[in-house]
Each structure stands twice: as structure tokens, then as C-alpha cells.
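So the structure is just underneath, and the comments pick up after that.
Note that ligands are numbered from 1 as they come in the structure, with each ligand's atoms numbered from 1 the same way. Computation of the quantities below employed the complete heavy-atom set of this structure, encompassing side-chain atoms and omitting hydrogens, waters and symmetry-equivalent molecules.
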Amino acid sequence: RAKADGRNSFRFFTPTMQAQSARALQLTNALRRALERNQLSLHYQPQVSIATGRVCGVEALLRWHHPELGAVSPAEFIPVAEDTGQILPIGEWVLRTALAQLRTWHSQGLPALTMAVNLSAVQFRQPQLLELVDRLLAEYGVQPHLLELELTENVAVADPHAAIATMDQLHAKGVRLSMDDFGTGYSSLSHLKRFQIYRLKIDQSFVRDLDHDGNDRAIVSAIIRMAQALGMRTTAEGVETAHQLTFLREQGCDEAQGFYFSRPLGAPHLQQYLLQRPA
Ligand code: C2E
Ligand code: MG
Ligand code: MG
Ligand code: MG
């Protein structure tokens, strides 16, 4: 990282690194205006119960459309926003918009859905997080158990004890926590057993090749069994085929999310999707 290396090391940058940091600077500047210019939006991807086929919830996924840069992937701009602190106002906007949408769907009589919102490690460590969650739940009249905050294992790397304390506080409020991208991070199982985690989300890298990779089948099966033993639910990410779904069902995975069911959709299309699905 240029920041960590200090100014003098700039001349050691390779052309690729310079291009990367120029892009990061460009994104930083553009992001500054993204909120006020209404360039951000949320898409929602259904989470489906494997046993019943019912949609039990949606995950809110951030989209950024810039007039010149076009659509920028969250995988690219979220890390930039984390480095600059811009993730805090953006993350608050995401939480507010997702809860407002959930409120609207509930008042329209759509079946009780949960709303999963991704939380950056930077947001998770912010002292005002609990107060913000409280305030927004109250403002939109959403019951705490209908909000699921998706964390990654990285929230616990620097200070596991602080992370456990924050999870305990969120859990005490009734908010549900899920561990996103499970199996790809740096946390240890000795921490996991102390986390107030409701759900493990099995990373899509293990799901992608389930049909022809025996090692992935072994890993997915072991994650599901471990979660069951720890009293946690499991959601498989990136489910794209009926074969993958069959294997996950046989293994006792609880929920699935992926293009097999639906891509992330804008609110009106998600609503249509829900209404058109057989009950
Ligand atoms: P994630 O939370 O693990 O989200 C799942 C990603 O997988 C999403 O990419 C989704 O569009 C994609 N996906 C879903 N089903 C399938 C499938 O069947 N096949 C494949 N190949 N991909 C699938 P997306 O929307 O580009 O988001 C990427 C990442 O950016 C997210 O990973 C999350 O880490 C982050 N992100 C997105 N929105 C937010 C946000 O509001 N706040 C924060 N902090 N991070 C966010
Ligand atoms: Mg997620
Ligand atoms: Mg994930
Ligand atoms: Mg991810």
C-alpha cells in the first residue's frame, strides 16, 4: 500500500501499481459525489429455503453507476471507500435504504422477509454502530430479527475480543449476524465457537465446482455438519445449477442464494419475482 510505504517509495511503483493507485484516486474523488448525486442504488437477491422453496429473505447489494465511469463493481469500490473512510456514510445510506425498502414491502403485505445487509469491518469497528442500528430500526419500525448483518471473518482478526463484544451487543438487541464468505478469511475456529453467529454463508468458491470437485464436496459437507453442531444455520452462496442444489439439499444445507434462483434485482423486479413465484 502506498499509504503505508510513505511518499518516498512512490518512485518504486511499477506502472501497474501506478495505474491502480490512479484508479483508486479517481474512484475516491468520484465517490465523494456519489451519494449526493444519487448514483448509488441497491439490488436485492432472494435467499431461498432449500426445504420449502420459499423466499425467506433478500440480500441488499450495493450498485454504483457513474455517468462517465459507468457501473463500478462493489468488489472494486468498497475497498477504496474503506481506505478513505467513505464507507461510513455510504454504509449508513445502505442500511437506511434497505430498512426503508423492507418497511415498504411489509406495508404492502409481501410475506415476511428478512433483509441481509453487508457490513464492512470498518463499520463494524465504529463505536456508533449500535446506536445507528437502534435508531434506524426504530425509525423504520423494523423488528430486529428481520435484519441480518453480514460480517466477514476479517472483523475479528485485529482484535477478536472487541469483535466478540460487539457481536454480543448486536445479538442482545435481537439483530442476526451471519458470517459471509465463510472459509476464505483469516479467523480461527477457536474464535468461531465464541461468536454469536446465526448463519454461516458458505463461500461461492466452494460451491462453484461442487459438481466435479470431490474436495469441494468434502469441504461443503464438513462446513454444514460443523454449523449444525454449533447450532448455526447455513446458506450456500453462488448456487447456479440444479445439481449443486441437490447436493446441498442432501447435505442438509438450510438456504441457497444464487443465479439459479435469481440475480440481484432492483426493488420493482424483486417484487415481481416474489409475486410470480408459486407459493
Ligand atoms: P457478497 O456479500 O459475498 O455478495 C455476493 C456476491 O456474489 C454479489 O456480488 C452477487 O451479485 C454475487 N452472486 C450472487 N449469486 C451468484 C451466482 O450464482 N454466481 C456468481 N458468480 N455470483 C453470484 P456483488 O454484488 O458484485 O458484490 C460483491 C461484494 O461486494 C459482496 O460480496 C460484498 O462483499 C461487497 N458488497 C456489496 N454490497 C455491499 C454493501 O452494501 N456494503 C459492503 N460493505 N459491501 C458490499
Ligand atoms: Mg454478503
Ligand atoms: Mg459472500
Ligand atoms: Mg464476497
Side-chain angles (χ1 to χ4, degrees), residues 27 31 34-35 39-48 55 57-65 70-102 114-126 129 132-133 136 147-155 176-185 197-211 220 223 234-245 248 253 255-267 269-270 273:
L27 293 181
L31 263 179
L35 265 178
Q39 293 166 358
L40 300 180
S41 63
L42 292 183
H43 279 190
Y44 303 91
Q45 188 177 37
Q47 302 178 317
V48 179
V55 176
V58 297
E59 176 178 1
L61 293 157
L62 188 54
R63 298 291 176 256
W64 178 23
H65 192 273
V72 187
S73 158
E76 185 181 13
F77 74 79
I78 296 275
V80 173
E82 287 176 329
D83 280 350
T84 59
Q86 289 166 311
I87 192 66
L88 292 177
I90 291 174
E92 178 169 343
W93 180 88
V94 169
L95 199 54
R96 172 182 293 283
T97 306
L99 289 174
Q101 185 61 63
L102 190 63
T114 60
M115 178 64 74
V117 176
N118 292 285
L119 210 63
S120 143
V122 176
Q123 287 175 279
F124 183 77
R125 285 194 291 266
Q126 197 207 14
L129 173 68
L132 175 69
V133 169
L136 292 180
L147 174 64
E148 255 185 59
L149 297 176
E150 296 197 356
L151 314 174
T152 57
E153 295 166 71
N154 307 332
V155 298
R176 288 178 177 167
L177 302 177
S178 53
M179 192 56 89
D180 206 351
D181 307 339
F182 183 73
T184 63
I197 290 288
Y198 179 78
R199 180 191 306 283
L200 294 185
K201 295 191 75 178
I202 304 170
D203 190 68
Q204 51 190 45
S205 62
F206 303 118
V207 174
R208 187 176 308 128
D209 298 324
L210 273 183
D211 293 351
V220 167
I223 293 176
T234 45
T235 297
E237 303 191 71
V239 176
E240 295 187 0
T241 72
H243 267 107
Q244 293 165 341
L245 187 63
L248 292 162
C253 184
E255 277 98 25
Q257 191 182 337
F259 297 167
Y260 178 69
F261 297 102
S262 171
R263 289 175 178 272
L265 302 170
H269 288 109
L270 192 273
Y273 175 86

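Every atom of ligand 1 with a heavy atom of D180 under 4.0 Å away is listed here by number and element: 1 (P), 2 (O), 3 (O). Atoms of ligand 1 found under 4.0 Å from any heavy atom of V239 (numbered from 1 in listed order, with element): 18 (O). Which parts of ligand 1 touch E237 is read off a 4.0 Å heavy-atom cut-off, strictly below it: atoms 3 (O), 5 (C). Ligand-side atoms of ligand 1 in range of V94: 41 (O), range being under 4.0 angstrom from any heavy atom. The atoms of ligand 1 that sit less than 4.0 Å from any heavy atom of E240 are 17 (C), 18 (O), 19 (N), 20 (C), 21 (N). The contact set between ligand 1 and S120, taken as ligand atoms under 4.0 Å from a residue heavy atom, comprises 44 (N). Distances below 4.0 Å separate heavy atoms of R63 from the following atoms of ligand 1: 11 (O), 24 (P), 25 (O). Residue Q45 has at least one heavy-atom neighbour below 4.0 Å for each of these atoms of ligand 1: 14 (C), 15 (N).
A salt bridge is defined here as a Lys NZ or Arg NE, NH1 or NH2 lying under 4.0 Å from an Asp or Glu carboxylate O, and K201 with E148 fails to meet this definition.
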| request: Decide side chain to side chain contact (heavy atoms under 4.5 Å, CB included) for F182 and D203; before the verdict, give the C-alpha distance in whole Å, the side-chain angles of both, and the deciding distance to 0.1 Å. | output: CA-CA 5 Å; F182 183 73; D203 190 68; 5.9 Å; no
| task | Start with the C-alpha distance between F206 and V220, add both sets of side-chain angles, then the distance that settles side chain to side chain contact (heavy atoms under 4.5 Å, CB included), and finish with yes or no. | result | CA-CA 7 Å; F206 303 118; V220 167; 3.7 Å; yes
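Nearest residue to atom 10 (C) of ligand 1 from L42, I78, L61 is L61 (criterion: closest heavy atom). Nearest to atom 46 (C) of ligand 1 by heavy atom, out of L62, N118, L151, D181, is N118.
Counting only distance, with no hydrogens or angles, the side chain of T84 and the backbone of V80 share a donor-acceptor pair below 3.5 Å. Of the possible polar contacts, none joining the Q123 side chain to the L119 backbone as a donor-acceptor pair under 3.5 Å is found. For the pair T97 (side chain) and V94 (backbone), a donor-acceptor distance under 3.5 Å is absent.
Among the atoms of D181, no N, O or S atom falls under 2.8 Å of the Mg ion (ligand 2). Distances from the Mg ion (ligand 2) show that N118 has an N/O/S atom below 2.8 Å. Put simply, E237 gets within reach of the Mg ion (ligand 3), with an N, O or S atom under 2.8 Å from it.
Taking the Mg ion (ligand 2) as reference, E59 places its N/O/S atom OE2 nearest. Closest to the Mg ion (ligand 3) among the N, O or S atoms of D180 is OD1. If you look at E150 and ask which of its N, O or S atoms sits nearest the Mg ion (ligand 2), the answer is OE1.
None of Q45, Q257, H43 except one satisfies the side chain to side chain donor-acceptor pair (under 3.5 Å) rule with E59; the exception is Q257.
Proximity of H43 to ligand 1, defined as any heavy-atom pair under 4.0 Å, is not found for any part of the residue.
Take L177 and apply the side-chain contact (heavy atoms from CB on, under 4.5 Å) test, not counting sequence neighbours, and it matches L149, L151, M167, L170, I197. With sequence neighbours excluded, the residues satisfying side-chain contact (heavy atoms from CB on, under 4.5 Å) with P74 are R63, F77, I78.
Side-chain contact between T114 and L147: absent, with no pair of heavy atoms (C-beta onward) separated by less than 4.5 Å. With contacts defined as side-chain heavy-atom distances shorter than 4.5 Å, the pair Q101/Y44 qualifies.
At least one heavy atom of E59 sits closer than 4.0 Å to an atom of ligand 1.
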